[in-house]
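Not measured: the values here are computed from a predicted model.
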Amino acid sequence: MSPEEVRRFLFELVPRSRMAPTGKSNALGKVEIHWKSNLGESGHLQTTPIEQVRVAEKQDLELVVDHVQNTVQLDTPFDVTFTIHNRTDQEVKLAVFLQVDHMYPLCFNGATLFHVGTCRAWGSLPLSL
C-alpha cells in the first residue's frame with residue numbers, strides 16, 4: 001500500500017449457534033489489526049468493543065390491532081378490529097379460540113371457537129370481534 005492509500009473492509013459476524021448469550025454483556029469482542037511497513041516499523045489498530053445488535057425476528061403470523069374504542073361504557077358491547085398478516089410462503093387456515101376463563105375482566109358474547117378463513121401466502125386477513 002502507498003502511504004496515502006486507504007483500504008476499507010467490511011466484515012459480517014455470524015454466530016456459530018443460536019444460543020442465548022450468557023452474562024450481562026452483549027459485546028462480541030474487538031477487531032485488532034497489526035501491520036509492518038516496508039522499513040520494518042510495526043503498527044497496531046484496535047476498535048472499541050463491538051456490540052451485538054438484537055433484531056426482533058418476525059413471527060409467521062402477526063396480529064395487529066387496527067381499531068378499538070378509546071372509552072367503553074361498563075356492560076356495553078364494543079368491537080375490536082384486527083388484521084392478521086401471514087409472513088410465510090404458504091396458505092394458512094385460521095381459527096380463533098377465545099379462552100373466556102382467561103379474559104377477566106372482559107366478557108365475550110358469542111361462539112368461542114370460529115373459523116376466520118384462509119389467508120394466502122404473504123397476505124393479510126381482516127378480523128372483527
Side-chain angles (χ1 to χ4, degrees):
M1 281 180 61
S2 305
E4 300 299 317
E5 189 176 348
V6 175
R7 291 194 185 171
R8 295 182 182 172
F9 298 92
L10 177 65
F11 295 93
E12 179 182 8
L13 301 175
V14 180
R16 291 184 184 162
S17 67
R18 290 194 157 267
M19 290 176 46
T22 56
K24 296 186 181 200
S25 173
N26 61 347
L28 296 173
K30 299 178 183 180
V31 175
E32 286 189 63
I33 302 171
H34 298 269
W35 68 86
K36 284 197 178 215
S37 70
N38 322 11
L39 303 174
E41 297 173 346
S42 61
H44 174 242
L45 176 66
Q46 180 178 10
T47 66
T48 58
I50 298 171
E51 301 291 323
Q52 179 178 0
V53 178
R54 301 203 189 286
V55 178
E57 293 184 26
K58 287 281 188 181
Q59 299 297 318
D60 289 346
L61 294 174
E62 179 182 12
L63 179 70
V64 177
V65 178
D66 294 324
H67 177 73
V68 64
Q69 294 171 266
N70 289 333
T71 57
V72 176
Q73 295 293 325
L74 189 62
D75 295 325
T76 304
F78 64 96
D79 293 326
V80 180
T81 58
F82 305 92
T83 302
I84 301 171
H85 299 281
N86 181 3
R87 305 283 187 218
T88 68
D89 57 359
Q90 299 175 0
E91 271 190 359
V92 178
K93 292 182 181 178
L94 300 170
V96 172
F97 174 65
L98 300 171
Q99 291 183 300
V100 292
D101 54 329
H102 295 298
M103 294 178 62
Y104 179 82
L106 298 177
C107 179
F108 184 77
N109 185 16
T112 58
L113 174 64
F114 54 95
H115 296 278
V116 177
T118 302
C119 189
R120 60 181 164 65
W122 306 109
S124 299
L125 198 63
L127 172 65
S128 294
L129 297 177

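Among all heavy-atom pairs drawn from His115 and Ala95, the shortest one is ND1-CB, 3.8 Å.
To the nearest 0.5 Å, the span separating OG on Ser124 from CZ on Arg87 amounts to 6.5 Å. The distance from atom CH2 of Trp122 to atom CD of Glu91, rounded to the nearest 0.5 Å, is 14.0 Å. Interatomic distance, CZ of Phe78 versus CG of Asn70, reported as 12.0 Å (0.5 Å rounding). Summarising the geometry, atom OG1 belonging to Thr83 is positioned 9.5 Å from atom CD belonging to Glu62; distances are rounded to the nearest 0.5 Å.
Other residues, nucleotides and ligands place more than 12 heavy atoms under 6.0 Å from the NE2 atom of His34. The environment of CD in Gln73 is sparse: at most 12 heavy-atom neighbours from other residues, nucleotides or ligands sit within 6.0 Å.
For the pairing with Leu94, the side-chain contact (heavy atoms from CB on, under 4.5 Å) check across Leu127, Thr118, Leu61 returns one residue only, Leu61.
Taken together through direct or relayed side-chain contacts under 4.5 Å among Ile, Leu, Val, Met, Phe, Trp and Tyr, Ile50 and Ile33 form part of one hydrophobic cluster. A continuous path of ILVMFWY side-chain contacts below 4.5 Å connects Leu45 to Val31, so both sit in one hydrophobic cluster. In the hydrophobic clustering of ILVMFWY residues, with side-chain heavy atoms under 4.5 Å counting as a link, Val65 and Ile84 come out together. Val64 and Val80 fall into different hydrophobic clusters, defined by Ile, Leu, Val, Met, Phe, Trp and Tyr side-chain heavy atoms under 4.5 Å apart, directly or through other members.
Looking only at distances, a side-chain donor or acceptor of Asn86 sits under 3.5 Å from a matching main-chain atom of Arg120.
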Stepwise side-chain contact (heavy atoms from CB on, under 4.5 Å) test for Val92 and Asp60: CA-CA 10 Å; Val92 178; Asp60 289 346; over 6 Å; no
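In this structure, a donor-acceptor pair under 3.5 Å is absent between the side chains of Asp66 and Thr81.
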